[in-house]
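As structure tokens, the structure follows; a few thoughts come after it.
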Amino acid sequence: MIYIEVDDNGLVTFAHYKPFDEKDGLGKTEAELRQTGYLVESIPEPEAIPGKIPVLKFDKINERFYYEYIDRPLTPEEEVQQLKERITLMQQALDDLILGGMQ
């Protein structure tokens, strides 16, 4: 059993993989845990989607998991590269405008 807690938007905010373990458990009964969260058999693995970060959600009505995939933030190196590409495109557009106006 895995114990999870979920916020109002379905975001899984806490997961404990051994809630009833004598040493590492939460020290609560099943009934006590069900008052504040859910007990599930397993948590599915997310898909590996390039450029995306999986966010684990739980549908409280159907008691099932799903993932929302959000854009991964760019690394500083990727941001610099993106800015360089934009500058190159803007310079090309300016060059075309200037050279086109001279003809």
Side-chain angles (χ1 to χ4, degrees):
M1 276 289 164
I2 302 168
Y3 170 74
I4 62 166
E5 291 178 0
V6 181
D7 71 9
D8 292 337
N9 296 318
L11 178 68
V12 176
T13 58
F14 179 78
H16 194 294
Y17 288 80
K18 297 189 216 175
F20 303 114
D21 187 77
E22 287 185 26
K23 180 182 175 199
D24 298 320
L26 296 171
K28 295 183 178 182
T29 66
E30 183 175 331
E32 290 172 321
L33 291 176
R34 289 189 186 278
Q35 290 176 2
T36 57
Y38 299 87
L39 291 166
V40 296
E41 291 296 323
S42 64
I43 295 176
E45 291 295 319
E47 290 180 55
I49 301 175
K52 300 287 185 176
I53 297 173
V55 177
L56 182 61
K57 300 263 185 140
F58 188 74
D59 179 342
K60 297 177 193 180
I61 296 170
N62 297 310
E63 294 197 7
R64 67 173 186 81
F65 289 102
Y66 64 98
Y67 284 94
E68 284 187 2
Y69 294 87
I70 59 173
D71 291 334
R72 177 184 60 79
L74 296 177
T75 65
E77 295 82 13
E78 290 170 330
E79 286 182 10
V80 168
Q81 182 60 35
Q82 192 177 66
L83 287 172
K84 286 180 180 179
E85 290 169 4
R86 288 181 181 171
I87 290 169
T88 300
L89 287 172
M90 289 187 337
Q91 186 62 53
Q92 288 173 349
L94 285 171
D95 291 347
D96 290 346
L97 185 64
I98 293 169
L99 291 175
M102 297 178 126
Q103 295 177 359

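Rounding to the nearest 0.5 Å places CG of D71 at 8.5 Å from CD1 of I53. Taking CD of Q91 as the start and CD1 of I98 as the end, the distance is 7.5 Å to the nearest 0.5 Å. Taken to the nearest 0.5 Å, the CG atom of L94 stands 11.0 Å off from the CG atom of L89. Expressed to the nearest 0.5 Å, how far CG of L74 lies from CG of L83 amounts to 9.5 Å.
With hydrophobic clusters built from ILVMFWY side chains whose heavy atoms lie under 4.5 angstrom apart, F14 shares a cluster with L39. V6 and Y67 fall within the same hydrophobic cluster, defined by Ile, Leu, Val, Met, Phe, Trp and Tyr side-chain heavy atoms under 4.5 Å apart, directly or through other members.
For residues 77-97, no pair satisfies ring-ring contact (aromatic ring centres under 6.0 Å, His included), with sequence neighbours left out. Pairs engaging residues 71-90 under the ring-ring contact (aromatic ring centres under 6.0 Å, His included) rule: none recorded [sequence neighbours left out]. Within the structure, salt bridge (Lys or Arg N to Asp or Glu O under 4.0 Å) pairs that include any residue of residues 79-90 do not occur (at least two apart or interchain). Sorted by first then second residue, the ring-ring contact (aromatic ring centres under 6.0 Å, His included) pairs that include residues 16-60, not counting sequence neighbours, are Y38-F58, F58-F65.
D7 contributes a side-chain N or O that, together with a main-chain N or O of N9, makes up a donor-acceptor pair within less than 3.5 Å.
Scanning both residues, N62 and D59, for their nearest heavy atoms gives ND2-OD2, 2.9 Å. The two residues G27 and E32 make their nearest non-hydrogen contact at O-OE1, 4.5 Å.
Side-chain contact check for L33 versus E5: every heavy-atom pair is 4.5 Å or farther apart. In this structure, the side chains of L56 and L11 stay at 4.5 Å or more apart for every pair of heavy atoms. Side chains of V12 and K57 form no contact here, defined as non-hydrogen atoms less than 4.5 Å apart.
The side-chain contact (heavy atoms from CB on, under 4.5 Å) check on T88 picks up Q92, with sequence neighbours excluded. The side chain to side chain donor-acceptor pair (under 3.5 Å) search around T36 returns Y3, not counting sequence neighbours.
Within 6.0 Å of NZ in K28 there are 12 or fewer heavy atoms belonging to other residues, nucleotides or ligands. Enclosure of atom NZ in K18 is not indicated, since only 12 or fewer non-hydrogen atoms of other residues, nucleotides or ligands lie within 6.0 angstrom.
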Show your reasoning for whether side-chain contact (heavy atoms from CB on, under 4.5 Å) applies to E41 and I2.
CA-CA 6 Å; E41 291 296 323; I2 302 168; over 6 Å; no
Evaluate the criterion side-chain contact (heavy atoms from CB on, under 4.5 Å) for residue pair E78 and Q82; output intermediate values, then yes/no.
CA-CA 6 Å; E78 290 170 330; Q82 192 177 66; over 6 Å; no
